[in-house]
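Okay, here's the structure, questions in a sec.
A, B, ... follow the sequence lines: proteins, then strands. Residue 1 opens every chain.
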Amino acid sequence: MEALLSLAGRLPEWAGPLLENLKRMIGWMPSLLKATQTTLLLSVLSVLTALVLAVFLALGKISKRKIISKPCAAYVFFFRGTPLLMQLFFIYYTLPMLIPALNIKSRFVAAWIAFALNVAAYLAEIIRAAIQSIDKGQLEAAKALGMTQWQTMRLIVIPQAYRRMIPPICNEFVMVLKDTSLVSIIALTDLTYQTKMIASNKASAMVYIPAMFIYLVITAVFTFIFNKLEKKLSVYE
Amino acid sequence: MSMIRTENLCKSFHSLEVLKDVSLTVEPGEVVCIVGPSGAGKSTYLRSLNGLETINSGKIWIDDVLIEDRDKGSHVNKVKMPKQQRLAILLELGMVFQRFNLFPHLTALQNIMIAQTKVRKRGEAEAREKAESLLRRVGLSDKINEYPSKLSGGQQQRLAIARALAMDPKVMLFDEPTSALDPELVGEVLNVMKKLAEDGMTMIVVTHEMAFAADAADRVVFMADGVIVEQSPPSEFFTNPKNDRLRDFLRRTLRKEE
Amino acid sequence: MMKKALCILFAALFATLALTACDNGVETKETTTAAAAIASPQDLAGKKVAVQTATTADEYLNDLLDKGEINFEVLRYEKITQCYDELKLGRVDAILVDEVVAANYTDVSKIVWKNTEGEPMGICLQKGNDDLTAIVEAMVDTCYFDGTMTALANKYFPYDVTEGVRTVTEKPVLDLTKLKTITPGKLTVGMEIGYPPMEYLAEDGVTEIGFDVELAKKFAELTGLELVLKNTAWDGIFAALEKGEFDMIMSAVSITPERQGKYNLTEPYISNRLVLVVPN
């Protein structure tokens with residue numbers, strides 16, 4: 001009996017601060033979720049824009065005409081060979097100092113541009129690899145059947161390639177989602193910026209828990225979507 | 001009048017000479033089987049006919065039209081022809097590959113229809129009708145909406161044959177059509193090919209199947225080290241080989257077949 | 001068919017997102033036009049102000065916003081130098097900053113308002129580290145007495161930051177018997193390098209210079225210890241002190257009641273106040 005009472009007496013001791021922290025974390029959620037909108041918007045927009053750009057880059061890199069393939073290769077080399085953070089700073093701080101006309105006032109737009117340009121380089125490689133992974137024998141059969149290069153690309157290569165691109169594109173998206181945390185340095189209110197504000201201003205390091213949780217949830221949701229998409233498109237394998 | 005005529009074809013891959021002055025003529029309706037050891041240049045010869053390989057020098061006529069004329073050392077084809085015309089001539093040749101090379105994202109029907117509609121510009125209904133009749137011809141009517149991955153090797157190759165036939169070629173080129181098949185599936189493909197031969201199609205077949213050559217060929221050609229060593233009708237080829245090399249080859253391969 | 005549907009979906013998604021983004025991102029367009037009208041923090045309504053994260057300026061603006069009378073956007077940056085970059089590029093209308101820094105940037109900005117409430121700076125040590133605090137106090141007094149302070153002030157500031165801060169009439173006694181540092185033989189000082197002219201890097205990008213840096217060197221001299229400067233990000237510098245990573249923080253630390261409650265702060269060694277700056 002005494003043991004039970006002492007147990008009941010002991011329970012609230014560590015439960016107290018735990019509940020206190022949980023209450024605080026729930027209190028932070030609204031502002032964190034609002035900031036998450038920016039993170040999501042930036043990630044999705046950047047990847048979509050990059051995708052469009054990447055298709056041209058990939059096809060350009062494959063092209064037999066040096067005048068097209070060399071600049072495309074150079075682009076990919078530059079954007080994969082320099083840190084994203086520096087590219088962001090370059091577009092946001094350096095460019096306006098070199099060419100005043102290129103002063104992008106909006107933080108979001110500057111980040112969008114930087115991310116789109118950067119991710120396009122990575123996506124271009126993914127697309128190129130997927131295209132080139134199509135068995136050469138099929139290209140020969142298409143040629144023997146009289147198809148032009150463009151017809152072969154459009155009817156045979158791309159329909160198969162885009163299914164192979166999905167897992168690596170999903171990976172890239174997940175990486176972009178987390179790379180967006182860099183924009184906190186240019187004071188764009190994304191999830192990371194908001195988290196750091198709460199952490200430093202209200203002096204609470206507990207805020208990193210709900211923040212990381214939100215990133216995890218988003219990653220999980222998008223991974224799930226991509227997996228479903230991949231399954232749907234693999235009818236014939 | 002010949003269907004395929006080649007004169008002095010030479011082809012090298014870097015420093016390796018694969019075809020050395022190969023000259024061969026194939027008449028319409030003829031079935032010619034090319035046999036020989038690996039690396040003899042048989043596939044390369046076949047592939048230079050429809051442009052999958054570019055020869056270094058020599059002349060190629062298809063249906064009596066000169067399409068390739070190159071001199072040693074020059075990288076230029078002396079025959080200048082508008083693209084459309086060259087394509088039309090290329091379409092007279094149909095090819096069947098060792099690894100089938102079917103389009104995996106299309107059903108059997110679609111595989112056969114796609115080149116018809118996109119290259120020959122036939123209407124959908126016409127293309128479908130032709131596809132269905134060809135599937136019947138090769139014995140795959142029940143697989144019409146299946147994807148190639150669901151078919152056995154033999155079925156896939158028969159589908160590949162139907163796909164090539166859909167373009168109404170005048171000559172069918174077979175590049176080791178049964179080499180990638182399990183032994184029990186070889187027969188169904190060879191049967192389709194035999195029927196094709198009986199129906200009068202001009203065929204050039206690179207193969208290791210000696211029984212087929214003996215059975216269906218009008219002429220058997222033996223190639224080794226990039227040259228045609230001997231060619232003769234099967235009756236003579238197998239029973240009375242004149243060349244030592246051929247004798248040797250036959251002894252080794254026919255023994256394996258027993 | 002499925003492909004066409006996907007393409008249309010793709011395009012629609014893209015369009016809607018882009019529109020939302022432009023709404024979100026374009027923000028207030030009147031950034032530079034009405035800048036001239038700012039004469040005090042009350043004039044910041046609808047404007048954008050930059051501050052360094054977790055500074056007293058940051059707190060001041062938060063308190064102002066909490067009052068609810070006016071609304072404005074606060075942009076927080078890790079380094080004060082970034083704030084000035086943004087000001088130069090016209091992306092913010094004003095910066096709230098320590099006066100000691102504002103004097104350094106008169107080529108790009110001008111002070112429009114000064115807080116009547118002064119905010120002198122002190123040297124910050126761990127709570128309870130009374131012995132070392134006493135020694136530091138004595139050293140500051142020594143520097144005031146022997147003219148070091150005045151010399152440094154003249155070197156780094158266009159105005160006298162030492163005016164009225166301390167009056168030292170007789171030579172202070174420097175008792176080093178109780179001297180104890182976290183690493184024996186070394187004086188470990190935490191600073192946020194990048195706060196001109198208090199602590200920053202010279203043109204070579206490597207050498208630390210500044211008011212606090214030179215003062216720290218003087219302290220090392222007086223105590224006979226080897227100086228170790230630990231460059232620490234501002235928003236983690238106090239946590240680092242609490243963990244015991246350095247003996248003291250000499251990094252333009254403003255004295256506030258809150259900080260006095262949590263740490264040992266010396267008496268003021270340099271005067272300061274918050275000022276509001278706008279582009280020239």
Answer yes if the side chains of Asp190(A) and Thr38(A) hold a donor-acceptor pair under 3.5 Å, and no otherwise. no
Go through Leu145(A), Leu139(A), Asp135(A), Ile134(A) and name the one with the most non-hydrogen pairs under 4.5 angstrom from chain B. Leu145(A)
Between Arg99(B), Gln98(B), Glu146(B), Lys118(B), which shows the greatest number of heavy-atom pairs under 4.5 Å with chain A? Lys118(B)
So which residue, Lys83(B), Met167(B), Arg163(B), Gln116(B), ends up with the most heavy-atom pairs under 4.5 Å with chain A? Arg163(B)
Taking the cut-offs as 6.0 angstrom to the six-membered ring centre and 45 degrees off its axis, would you call Lys228(A) and Phe226(A) a cation-pi pair? no
Determine whether the side chains of Ser181(A) and Tyr215(A) contain a donor N or O and an acceptor N or O closer than 3.5 Å. no
Is the shortest side-chain heavy-atom distance between Arg163(A) and Lys232(A) below 4.5 Å? no
Given heavy-atom pairs under 4.5 angstrom as the criterion, report whether the side chain, backbone, both or neither of Phe103(B) touches chain A. both
Segment of Arg47(B) engaging chain A (4.5 angstrom heavy-atom cut-off): side chain
Under the rule for ring pair (Phe, Tyr, Trp, His ring centres under 6.0 Å), what residues qualify as partners of Tyr93(A), not counting sequence neighbours? Phe89(A)
Residues in side chain to side chain contact (heavy atoms under 4.5 Å, CB included) with Ser141(B), at least two apart? Arg136(B)
Honestly, the part of Glu140(A) sitting under 4.5 Å from a heavy atom of chain B is both
Part of Leu102(B) lying under 4.5 Å from any heavy atom of chain A: backbone
